[in-house]
Amino acid sequence: MGESWDEVSLKDARSSLDKEVYDVVEDLVKNKGWRLREQGHKYAVYCPCTDGRANFITLPGTSKNPGNAAKRVKRSASRCPDRHELMR
């Protein structure tokens, strides 16, 4: 594992993520520069300003409350440790 993980396309993740979560991930990947990678059983998005750190958010495949899961992903992404302006 580690740095050899390959990025996956949004198309690959669309069928296995809840729609609300997918919409947030799609915005992060297409508009904000985050990278989507397969990790564990599902996926994770990686911050574009990691500089060697593993700053990532794991994504729930199917959650009890997809709306809350999407809010959690968006909130976590807005707290990037380098405090860049990607979420505006």
Side-chain angles (χ1 to χ4, degrees):
M1 290 189 202
E3 291 300 315
S4 65
W5 290 339
D6 292 327
E7 290 184 38
V8 296
S9 70
L10 286 168
K11 180 180 168 185
D12 295 336
R14 174 176 274 155
S15 63
S16 61
L17 295 174
D18 290 319
K19 182 187 179 334
E20 293 89 340
V21 174
Y22 176 80
D23 290 344
V24 172
V25 170
E26 181 180 37
D27 181 54
L28 289 173
V29 171
K30 285 185 175 181
N31 302 321
K32 313 283 195 270
W34 290 62
R35 295 178 311 272
L36 177 65
R37 293 182 174 176
E38 195 167 0
Q39 180 172 323
H41 296 290
K42 291 293 176 189
Y43 302 98
V45 285
Y46 282 75
C47 178
C49 63
T50 57
D51 290 334
R53 298 184 308 265
N55 298 320
F56 64 92
I57 304 165
T58 56
L59 304 173
T62 54
S63 59
K64 288 183 180 181
N65 188 325
N68 283 345
K71 287 177 189 175
R72 180 192 61 83
V73 172
K74 190 170 186 175
R75 185 174 47 246
S76 295
S78 70
R79 292 187 198 141
C80 174
D82 289 342
R83 305 226 184 259
H84 51 73
E85 301 297 317
L86 289 177
M87 288 304 293
R88 293 191 178 192

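- Here the options are Val21, Val25, Leu36, the test is side chain to side chain contact (heavy atoms under 4.5 Å, CB included), and the partner is Tyr43; only Leu36 passes.
- Rounding to the nearest 0.5 angstrom, the gap separating the OG atom in Ser76 from the CG atom in Asn55 is 11.5 Å.
- Residues Trp34 and Ile57 meet the side-chain proximity criterion, which asks for heavy atoms closer than 4.5 Å.
- Lys74 places none of its side-chain heavy atoms less than 4.5 Å from the side chain of Asp27.
- One finds the CD atom of Glu38 at 12.5 Å from the CD atom of Glu7 (value rounded to the nearest 0.5 Å).
- Arg35 and Pro48 make their closest contact through NH1-CA, 3.9 Å (heavy atoms, listed as atom of the first residue, atom of the second, distance).
- No side-chain N or O of Asn68 forms a donor-acceptor pair with one of Ser63 less than 3.5 Å apart.
- Put simply, CZ on Arg37 and OH on Tyr46 are 6.0 Å apart, with the number rounded to the nearest 0.5 Å.
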### Query
Which is it for Val73 and Leu28 under the side-chain contact (heavy atoms from CB on, under 4.5 Å) test, yes or no, and what are the steps along the way?
CA-CA 10 Å; Val73 172; Leu28 289 173; 4.2 Å; yes
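- Between Ser16 and Lys42 there is a side-chain heavy-atom pair separated by less than 4.5 Å.
- Residues Lys71 and Glu20 form no side-chain contact, since every pair of their non-hydrogen atoms from C-beta on lies 4.5 Å or further apart.
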### Query
Between Tyr22 and Leu59, is a side-chain contact (heavy atoms from CB on, under 4.5 Å) present by the stated rule, with each step listed?
CA-CA 9 Å; Tyr22 176 80; Leu59 304 173; over 6 Å; no
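- Under the 4.5 Å side-chain criterion, counting only non-hydrogen atoms from C-beta, Pro60 is in contact with Arg72.
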